[in-house]
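Report on one structure; see the data block that follows.
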Amino acid sequence: MEIGKENEGEMEKLASNSLVSSADILRESLIHLQEHMVINAVTPSASTCNFHVMIEFPLIILTDVPKDVIRHDKLFVLLARVRELTKEVFVLVRNLEENMNEASDANLNLLENIELLKEDLKNDFLKARADLSQLRFPMSDGPLFMTLLLTNLKDFVNSNASSVALIKKEIKQVKEDLEIIRSFFGYVEQELHRDLWTRVLDVAYEAEHAIYSILARDHGQLQLIFILPDTVEKIKLVKKEVQEKIPKSSGIIVANAPNKLVERNSSSTVGKIIVGFEEETKWIIRKLTSGPDEIDVISIVGMPGIGKTTLAFRVYNDKSIVDHFDVCAWCTVDQERNEKKLLQKIFNQVIGLKERFNEDHDIDDDVADKLRKKLCGQRYLIVLDDMWDTATLDELTRPFPEFWKGSRVILTCRKKEVALHGKRHSDPLYLRLLRSEESWELLEKRVFGEERCPDELKDVGEKIARKCDGLPLVLDLIGGVISRKEKKEALWHEVLDNLSSFIFKDEEEVAKVIQLSYDHLSDHVKPCLVFLASYPKDKDIMISELKDLWISQGLVEQIEMKSAEEVVDELISSSLVIPFDNSICKIHDLVHDFCYIKSRKEKLLHFIEGLEAPSSSSSSSDLMPRGIIIHFDGFTIRLNGNFAVFNPEKKNPYVKHLLSLKVYESYLPHKSHLKHLRLLKSLDLKGITLKDSLLNEIGMLVHLKYLIIHTKAIALPPSFSNLCNLETLSVYNVEGSYMVLSPCFWSLAKLRDVQMKWGALFEPTVLDEDSRLENLRTLSKLHLPGLEDTEDIIFKRFPNLQNLEVCIGQLKGKICFPKLDVLNELEELRLYSIRNSFHEYTHGFPLSLKKMRLRWLSLTSDTLSRIGRLPNLEELNLEEAIIEEGKEWNMEDVTFEKLKSLKLLKVEFSEWQVDAEKSFPVLEKLYISRCDKLMEIPDSFGDIASLELIKVRICPQLRESAINIKEYVEEMTGEDKLQEMLYLPKVGFVMTICQITTCGAEIEMKSAEEVVDELISSSLVIPFDNSICKIHDLVHEFCYIKSRKEKLFDFIGGSNAPFSSSGMMARGIIIRYDQRLFDLEENFVVFNPEKKNPYAKHLLTLKVIYGFKDCLSYKSQKYFKSLDLKGITLTDSLLNEIGMLVHLKYLIIRTKAKALPPSFSNLCNLETLVVNNLEGSCMVLSPCFWSLAKIRDVRMKCCALFDPDINEPTVLDEDLRLENLRTLYVIYLPGSEDMEDIFKWFPNVQILEVCIEQLPDCSAEKICFPRLDVLNELEQLHLSASWDSFGEYTHGFPLSLKTLKLRGLALTYDTLSRIARLPNLEELILEYTIIEEGKEWNMEAFFAERSS
């Protein structure tokens, strides 16, 4: 009997496995059929309208087969029914494609069979639903939840996705009923009928969960057959009860909506109203401009929101302060822990750099020294705003030189101890609260602007002001609330009564005021505010970025920018967002904290960031957010392969319900998947180069509306045809390549915004006559060949385009421009020709244009007249263009009626004949840069009453006329109203010491340093710190002329391409062109061995910045000693040819290759090798590397001694040595035992950067670090580990070390003691490390070791 039972159990198990396998096969077949229908664009008709229902229904059943929801005794029968249903679907599709008439009847029969099967599932096949408990609303903000739910339901109703068709009727019913219910519940009704409101939220949440589960195929059968129909009925009953209990007249659709929006111009003054503190302002100015000559620190201390920053800002911009100091800089510190980043911000301001710097790549390691040297001898003022701790204060002020110049530092902080720590001479200023009269003055100005408060509101207004206890932030926030209310006494008393319980003594109390401001926002604006938590604190937020953020979350309609601007205006008028100009805003730290807490509490966003990557255990927690943002350093910490978001095998149901996912630059796990995230509406993977398999999976996410990707693919995969709801597509394709807009692009009917980082091309052969994208509004970086047959067929396919960036051109012959005047909705145009080709655009322009940028065009009088007649043009940029063959721009009969901004950059014309007041009647800003032939700005520009700014860059010949115009305006108007900004060249040509040394000494750095010293002592080179120097323009001009005269260098660049007839004789050539818009001629003698120019073969040095064709060759250049091709991705054939240049000593290349070619074994004289391998790739140091006996300097973005694809180390000969190698980075090693003695092959390395990789299936305990104490010459070491388990380095360190940087390691007392005993160590950097398991670091013992 026992044996029989065991056999019976085995049989049941086998049968169950067989059924699951059978279900999987059917499911995959249906999925392929679904893809086939989309990709092959089966023509929609009455017979096909229900196809999606027929496919999706069996898919839901088959997906649930392994989930134990079907009765075991009925499983065989159900699968047989589903198998028959699947066969019928396949037959129907085949008949439809063959246009057979019987398809219609089969369609109806199949739908009837589906309805019958639904009934049988309910009554016979499915298990009882008793184990499914009723869901309860898990959040606290009901109105916010309802706003987001109704937004999503609206998207589903309008969706063309196949999965929605099955339940679109139910979704529409739920949406309509909930909209009616919501219209009855204002804030008051939610309180009066709290129990009923709670039931509404519960049943709405139940409906959301059921709909999401069905669309995600997550226990979809139970939800489809039982839960959703029941929930629809529940909502109907609740709606009836609401209509009976709540009078319709008392309800509102949008709770607490403002009466009117504040205009952008008026709202831009919010947060800049300064009241009170006059005596404090005078005191600070006196401290700054008088007193001791030594450096002094003036600290402003007070609680958050009291006005510390506002007061500092007022003083910082005071004219007497601006005139008094040579250099001024402002640095907001906040919670930033990277002192170098802060110092870099200060340094950039000190040197006048306006562009933003890349926080990850543009920070100099020696920025402190640079800053100190730049400030030397200057009277400087530096503001350190929002300082939190004394350690950061010490680090930031350490580089400030203490010369007797009267320099000053302004410090704002909340903590008294920080101010006292920084004190030099002056006592801190403890900022007081506003007095009652000042509070009322601020509130009155905030609400009424320059007008006075009506008498009937003054009494209650003064009471409100007193209740704010003199805190400017609170007054500003409350002012924002009441400014949007009707000016009625009763409504103001309502605000006063709500404030009666607020006593503003700490940050928690201030948060209550933020909540009050939040409560008074329109319902559709509230989630827009909360999602600002996705930005870091203190970040300048571009308003255009806000539009993208809100569109990605489905919070504003992507119909026009106006809706997003209205949201920004309401947030600004509520003082929750601080405007800085028309394009940038910020949010206060307290508001950011509020948004962050709110987003987590209401399950809107889950933030995964910090030092530790999420593990499988943490990722399986009860996540329920709408969206996830992942942000940490992927170079040191990688996502675990078990992380639930990217692993469909993990049992976390809420991951499948994700609507939004954003991953900042990081590495995804090797076996990542996205196909299970079926509900995603927004996916942002910018900075992560996606594999083809992931790209294909993205094509299955049918609900996507917003997509940002980074890829090396040259075309979108066919699966993208499924993305029927996609509205925004941003592709970061690899530099220098173009994304071919393949056939699937034309199936994205809802597409509105397309941006390609490096350009897009159309595939002409697949342009169907009927291909149109009616909804497309923005198309950036489009490249067209300028062929005659494409002149009229392109833009008629985008009839409603509003924003276009297009480059037209081919290398040879005439260019045919497409007709742009067919784009009747176009508002912004950026039109370029091939670089330096200067072709003329002869067609008309759309009359709707507001902004236009033209580049590399030839502009005639006719063209400029057509532009002048554009009735709506407000902004015109002409860049690198030629006007009338470089002669006169005569504007006698040309008038730009609405033009407000004119920018001329490298425009070639010698004379400007214009009556500016007539031709530019409303011009506000004039920018002129590098217009070398123009000798003066016409005096008539001084007659333009609206002119506010003349900005001139690198045009010294225009200085006098610009100053004359400014003086004329001041004389005529009696006021200094015209702003004049002159940027003229002074000192140029930055060189690093490294660049200088490559020209000379070959054995020791010391000799090169002696050269640098002699140049500096001769005043021919100007030093800035230990690594950077400059040369004056005059010295540079001398060197340039001398190098050409003595045939040392030939410089190829500018407006003319080099041809084969060039008579070159130089030792070296430097070439600079933009490869995307201009290619070197194939006949160019340097790259063509067939050309008869003996001097080309005698070249010793070649540097190409960018710009050449794949067919070019180097094999004739036998004597090259230096070759620099940085920035150009080389083909394999060119790499092989470089291996033939046996005299090479210095080589810089860029390549996609995984290894150096065997021909590199010939480079027996090579000393310096720099390889810019592409992001995410790793250069394996193959056997030929070990033959480079003279190699001294190896620098790679990423290199390895093992093949990461097979995880096996390269076989190294025991006798291999690179005795001359001094510098090696960045080298990746596996944490395995056979790598322990790897560095015996590089005995004399002095600079080393090494990263230890964790191999698959290798735990932290098994990781083995290589021995570094064998490197007796090592002076600089950067050791990091690229996993999140923080392994411990247990070996010794070389005693020769001077600089040590450790990253991603666990540091014990023993390790730190070994470091302390290093006799020559001068600099120690610890990043992303854990000391003594995160507990105490006993520095007493550490310093005892150090001193001994």
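Just so it is clear, the structure is predicted and the values come from calculations on it, not from any experiment.
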**Message:** Checking S439 against R466: is there a side-chain donor and acceptor pair closer than 3.5 Å?
**Reply:** no
**Message:** For a 4.5 angstrom cut-off between non-hydrogen side-chain atoms, does E1323 reach K1298?
**Reply:** no
**Message:** Looking at R314 and D318, is there a salt bridge between them, counting it only when a charged N and a carboxylate O are closer than 4.0 Å?
**Reply:** no
**Item:** Test item: R379 side-chain N/O and K405 main-chain N/O as donor-acceptor pair under 3.5 Å
**Value:** yes
**Separation between CZ of F277 and NZ of K308, rounded to the nearest 0.5 Å** = 10.0 Å
**Item:** Salt-bridge contact R424-E402 (side-chain N to carboxylate O under 4.0 Å)
**Value:** yes
**Request:** Nearest 0.5 Å please: distance from the NE2 atom of H324 over to the NZ atom of K319.
**Result:** 14.0 Å
**Item:** Minimal non-hydrogen separation, F531 against L549, with atom names
**Value:** O-CD2, 3.6 Å
**Asked** So, for F594 and Y518, is the gap between ring centers shorter than 6.0 Å?
**Response** yes
**Message:** Check this for me: does any side-chain nitrogen of one of K445 and E441 sit under 4.0 Å from a carboxylate oxygen of the other?
**Reply:** yes
**Asked** From T281 OG1 over to R286 CZ, what is the distance, rounded to the nearest 0.5 angstrom?
**Response** 11.5 Å
**Message:** Tell me whether Q378 contacts the main-chain N or O of L375 through its side chain, where contact means a donor paired with an acceptor under 3.5 Å.
**Reply:** no
**Message:** Do I410 and W330 make a side-chain contact, defined as non-hydrogen atoms from C-beta onward lying under 4.5 Å apart?
**Reply:** no
**Request:** Evaluate the side-chain proximity of L396 to I382: yes if any heavy-atom separation is below 4.5 Å, no if none is.
**Result:** no
**Asked** Is there a side-chain contact between L288 and V315 (heavy atoms, below 4.5 Å)?
**Response** yes
**Item:** Donor-acceptor pair between D1310 and T1308 side chains, under 3.5 angstrom
**Value:** no
**Prompt:** Under the 3.5 angstrom rule, does the side chain of E1332 hit a backbone N or O of Y1309 as a donor-acceptor pair?
**Reply:** yes
**Asked** Which atom names give the shortest non-hydrogen contact between C585 and V577, and what distance separates them?
**Response** CB-CG1, 3.5 Å
**Atom of V418, atom of L411 and distance for their closest heavy-atom approach** = O-CD2, 4.2 Å
**Asked** With distance as the sole test, does R408 use its side chain to make a donor-acceptor pair with the main-chain N or O of K287 at under 3.5 Å?
**Response** yes
**Main-chain N/O of D141 paired with E602 side-chain donor or acceptor, under 3.5 Å** = yes
**Request:** In sequence, state the C-alpha distance, the side-chain angles, and the governing distance for L311 and L429, and then conclude on side-chain contact (heavy atoms from CB on, under 4.5 Å).
**Result:** CA-CA 11 Å; L311 177 57; L429 171 64; 4.2 Å; yes
**Request:** Might you work through the side-chain contact (heavy atoms from CB on, under 4.5 Å) test for I321 and T289, ending with a clear yes or no?
**Result:** CA-CA 7 Å; I321 298 301; T289 55; 3.7 Å; yes
**Asked** Are P428 and L420 close enough that some pair of their side-chain heavy atoms sits under 4.5 Å apart?
**Response** yes
**Prompt:** Does D427 pair with K423 as a salt bridge, N-O distance under 4.0 Å?
**Reply:** yes
**Distance-minimising heavy-atom pair for G1304 and T1329** = N-CG2, 4.0 Å
**Asked** So, E1275 versus T1299: side-chain donor-acceptor pair below 3.5 Å or not?
**Response** no
**Item:** V350/L371 under side-chain contact (heavy atoms from CB on, under 4.5 Å): CA gap, chis, key distance, verdict
**Value:** CA-CA 8 Å; V350 167; L371 179 60; 4.0 Å; yes
**Message:** Quick check: closest heavy atoms across Y1289 and R1314, and the distance to 0.1 Å?
**Reply:** O-NH2, 2.9 Å
**Prompt:** Can Y535 and D540 be said to form a side-chain contact (heavy atoms from CB on, under 4.5 Å), step by step?
**Reply:** CA-CA 9 Å; Y535 286 99; D540 289 346; over 6 Å; no
**Request:** Flag the pair V322 / C328 as yes when at least one side-chain heavy-atom distance between them is below 4.5 Å, and no otherwise.
**Result:** no
**Asked** Between atom SG of C331 and atom CG of L384, what is the distance when rounded to the nearest 0.5 Å?
**Response** 6.0 Å
**Message:** Can you tell me how far apart CD (E1249) and CD (Q1276) are? Round to the nearest 0.5 Å.
**Reply:** 10.5 Å
**Asked** Is a side-chain N or O of S407 found less than 3.5 angstrom from the main chain of Y380, in a donor-acceptor match?
**Response** yes
**Prompt:** Do you see a donor-acceptor pair shorter than 3.5 Å between the side chains of D385 and T412?
**Reply:** yes
**Prompt:** When rounded to the nearest 0.5 angstrom, what is the spacing between CD1 in I298 and NE2 in H425?
**Reply:** 10.0 Å
**Fill in**
What one should report as the nearest heavy-atom pair of S140 and K601 is OG-CE, 3.4 Å
**Prompt:** So H592 and Y596, would you call those rings parallel, tilted or perpendicular, with 30° and 60° as cut-offs?
**Reply:** parallel
**Message:** Tell me if a side-chain donor or acceptor on T1311 pairs with a main-chain N or O of L1307 at a distance below 3.5 Å.
**Reply:** no
**Request:** Evaluate the side-chain proximity of L605 to S534: yes if any heavy-atom separation is below 4.5 Å, no if none is.
**Result:** yes
**Item:** Test item: E1327 and L1302 side chains (from C-beta on) under 4.5 Å apart, heavy atoms
**Value:** no
**Prompt:** Does D386 reach the main-chain N or O of T332 with its side chain, forming a donor-acceptor pair under 3.5 Å?
**Reply:** no
